[in-house]
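The model shown is predicted, which means the values in this text are computed figures rather than measured ones. A, B, ... follow the sequence lines: proteins, then strands. Residue 1 opens every chain.
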Protein chains: 2
Amino acid sequence: MREKPGSAPAVRLKRTPQRLAILEYLEGNTSHPSAEDIFRAVSKKYHSMSFATVYNTLHALTRAGALRELTIDPERKHYDPDTSRHHHLICLACGKIFDVPEAIRVDLPKAMAADFSVVGSHIEFYGHCSPCRNKRKAP
Amino acid sequence: MREKPGSAPAVRLKRTPQRLAILEYLEGNTSHPSAEDIFRAVSKKYHSMSFATVYNTLHALTRAGALRELTIDPERKHYDPDTSRHHHLICLACGKIFDVPEAIRVDLPKAMAADFSVVGSHIEFYGHCSPCRNKRKAP
DNA sequence: ATAAATGCAAAGCATTTGCAGTAAA
DNA sequence: TTTACTGCAAATGCTTTGCATTTAT
């Protein structure tokens, strides 16, 4: 089961320095970091940072609709500060996640459209990015 | 990082009764069970069944290309015995996963097509199945 | 003041692994 | 007989939680 979008509770979020640091790291970040990536990056400036705070902030931001949780990598969750409709490409060699601007509009086949109300969709592309493709050719 | 498809090792699989029971349960199953679902179902007949064996079998079948691991549910993996190209729909209310026959062919935007070689793609639809829609109206 | 956030450690789950015994081949 | 599989238990890794303390409002 997953979090229902649009059900942001009316909680006032406190602007703590830890949260601001996480927000700053996330701002415009297109690397789709995991919680650990975020923890490591922010810890450099903030030695007292804890995982609990990272997860707490991530959840708060997700609930507030400012962040999107990605369930692409079977090993761990990744976080995307870009909440606009777009898709992703995962390199099978290096594991990096890339943005794919939505230009593609997908619809349910007519036969199913009557039985489901679709709220959103997400495409995952699997393939190889050029650095990894080149590594293959010249090892 | 994820398992590269098509790299099935040349290991001879043994047809143990446990594996056959798991295979039988999976055969034609469209419920997209989790490892625990499978464990519970097969345990009824097979009291000695262990999780290690379930996971072991699941990996073996996945490596052999007879099974597809789904990374849709953030909580746990689900398994799909249908390895043909198709997509999925997840009900946001009940969490059930439904098959969406591929009829939709998606391509990378031209701008990216030069930088990636795409091996496959998978669409996840989010919405509500009719039972859940009806429950909403009449609670 | 007061409600929420932090940080630590412990707990929770899903999944993996080591290994001795067991059973296909 | 050889090689793989089973099942148990312990270990791992990501994520969550409880709680006393601190901090933003």
Expressed as a whole number of angstroms, how long is the span from [X]:[atom1] to [N]:[atom2]?
X       : N      : atom1 : atom2 : answer
B:Lys77 : D:dG13 : NZ    : C1'   : 12 Å
B:Asp73 : C:dT15 : CG    : C1'   : 14 Å
B:Glu36 : C:dG12 : CD    : P     : 16 Å
B:Ile38 : C:dT15 : CD1   : P     : 10 Å
A:Arg15 : C:dA5  : CZ    : C1'   : 14 Å
A:Asp37 : D:dC14 : CG    : P     : 11 Å

Look at the side-chain N and O atoms of [X] and state whether any lies under 4.0 Å from the OP1 or OP2 oxygen of [N].
X       : N      : result
A:Ser48 : C:dG7  : yes
A:Thr53 : C:dG7  : yes
B:Arg76 : C:dT15 : no
A:Tyr55 : D:dT16 : no
A:Arg19 : C:dT6  : yes
A:Thr16 : C:dT6  : yes
B:Gln18 : C:dA23 : no

### Message
Ring centroids only, cut at 6.0 angstrom: are B:His88 and B:His32 within range, meaning strictly under it?
### Response
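Ring-ring flag for B:His88/B:His32: true, centres closer than 6.0 Å.
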
#### Entry: Donor-acceptor contact present, side-chain B:Asp99 to main-chain B:Pro101, <3.5 Å
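No, the answer is negative, given that no donor and acceptor are paired below the 3.5 Å cut-off.
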
### Query
Between the side chains of B:His86 and B:Asp80, is a donor N or O closer than 3.5 angstrom to an acceptor N or O?
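There is such a pair between these side chains.
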
### Query
With a 4.0 Å cut-off on heavy atoms, is B:His47 in touch with a base, just the backbone sugar-phosphate, or nothing at all?
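No contact.
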
### Query
Starting at the 5' end of DNA chain C and moving along, which residue's nearest nucleotide shows up first, B:Tyr79 or A:Asn56?
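The residue closer to the strand's 5' end, by nearest nucleotide, is A:Asn56.
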
